[in-house]
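Structure record follows, encoded as structure tokens.
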Amino acid sequence: MNREQMAARCPDAEVEGAVRLEGYRLAFRGNGGGAGVATILPEKGSHVDGVLWRISGQDEQRLDRYEGWPFLYGKEPFRVTGTNGRAVEAMAYTMNAPYKEAPGLPSPAYLVGILYGCAQNDIATAPVMEAVRRTRQEMQEYGRERPQHKNGRGEKGR
């Protein structure tokens, strides 16, 4: 959503406007490197607000590399609704398994980038902060559900 980040990654990109995806929620999941990054997960009664961009084929290739496609993220078609009420077909990157299974908190810099993107596009920041809160809760539950090994820290004893 962050306009400066998109300009750097995708020089041909143009903002189409804010959109809403129904039936999904924002979530932060581990990227395998210790940090949490954004994805969307199906959840009835929820929605995710975001930004629709028109990108070139070259921009999509740049985004594919940046997003770790096809390993970390996959690409899925979605029907989103603009603020004008018009529904359009769009593509979004969604996290693949096993990464999407493990909650992970975003770094402060990553979170600020998302919040700034929200402000730039008149999108409420409260749902982003709710996703952070929910991630903290999920991390506690995830830690309790993981099998404990001999040393009690989830590591194999020697």
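Distance check: Ser46 OG to Leu21 CG gives 10.5 Å after rounding to the nearest 0.5 Å. Of the inter-residue distances, the one linking Arg9 atom CZ with Leu63 atom CG reads 7.5 Å to the nearest 0.5 angstrom. For the atom pair CD (Gln140) and OH (Tyr142), the distance works out to 15.0 Å, reported to the nearest 0.5 Å.
In the hydrophobic clustering of this structure, Ile55 groups with Tyr93; members are Ile, Leu, Val, Met, Phe, Trp, Tyr whose side-chain heavy atoms approach within less than 4.5 Å, directly or through other members. Val51 and Tyr66 are assigned to two separate hydrophobic clusters, defined by single-linkage of ILVMFWY side chains at heavy-atom distances under 4.5 Å.
A side-chain donor-acceptor contact under 3.5 Å links Asn96 to the backbone of Pro70. Under a 3.5 Å cut-off, the side chain of Thr39 and the backbone N or O of Met95 do form a donor-acceptor pair. A donor-acceptor pair under 3.5 Å is absent between the side-chain atoms of Asn121 and the main chain of Ile123, judged by distance alone.
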- Which is it for Gln120 and Asn2 under the side chain to side chain contact (heavy atoms under 4.5 Å, CB included) test, yes or no, and what are the steps along the way? CA-CA 7 Å; Gln120 290 176 317; Asn2 186 300; 4.0 Å; yes

- Take Glu60 and Lys75, measure what salt bridge (Lys or Arg N to Asp or Glu O under 4.0 Å) needs, and give me the verdict at the end. CA-CA 11 Å; Glu60 185 172 349; Lys75 295 190 268 190; 2.7 Å; yes

- Item | Derivation and outcome, side chain to side chain contact (heavy atoms under 4.5 Å, CB included), residues Val80 and Arg20 | CA-CA 5 Å; Val80 296; Arg20 177 167 285 181; over 6 Å; no

- Met6 and Trp53: side chain to side chain contact (heavy atoms under 4.5 Å, CB included), yes or no, with the steps? CA-CA 9 Å; Met6 278 297 285; Trp53 296 83; 3.5 Å; yes

- Output, in order, the C-alpha distance, side-chain angles, deciding distance and verdict of side chain to side chain contact (heavy atoms under 4.5 Å, CB included) for Arg29 and Leu41. CA-CA 10 Å; Arg29 295 294 184 255; Leu41 298 174; 3.4 Å; yes

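Tyr116 is not listed as a side-chain neighbour of Arg3, based on a closest heavy-atom distance of 4.5 Å or more. Between Thr94 and Phe78, the closest side-chain pair of non-hydrogen atoms falls below 4.5 Å. Looking only at side-chain heavy atoms (C-beta outward), Leu26 and Pro127 stay at 4.5 Å or farther from each other.
Between the side chains of Arg133 and Gln137, at least one donor N or O sits under 3.5 Å from an acceptor N or O.
Nearest heavy-atom pair across Gly50 and Met1 is CA-SD, 3.9 Å. The heavy-atom pair separating Cys118 from Ala124 by the smallest distance is SG-O, 4.0 Å. Heavy-atom minimum distance, Tyr24 versus Pro42: CD2-N, 3.4 Å. Closest approach of Gly82 and Val19 over heavy atoms only: CA-CG1, 4.0 Å. Across Val37 and Tyr73, no two heavy atoms sit closer than the pair CG2-OH, 3.3 Å. Scanning both residues, Asp12 and Ser56, for their nearest heavy atoms gives OD2-OG, 2.9 Å.
Taking the charged nitrogens against the carboxylate oxygens, Arg79 and Glu89 do have a contact shorter than 4.0 Å, which makes a salt bridge. The existence of a salt bridge linking Arg134 and Glu138 is confirmed by a sub-4.0 Å separation between a basic side-chain nitrogen and an acidic carboxylate oxygen.
Heavy atoms from other residues, nucleotides or ligands lying under 6.0 Å from CD of Glu16 number more than 12.
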Only pairs under 3.5 Å count here: list side-chain donor-acceptor contacts from residues 99-115, not counting sequence neighbours, and write none if there are none.
| from | atom 1 | to | atom 2 | distance (Å) |
| --- | --- | --- | --- | --- |
| Ser107 | OG | Tyr110 | N | 3.1 |
| Tyr110 | OH | Ala38 | N | 2.9 |

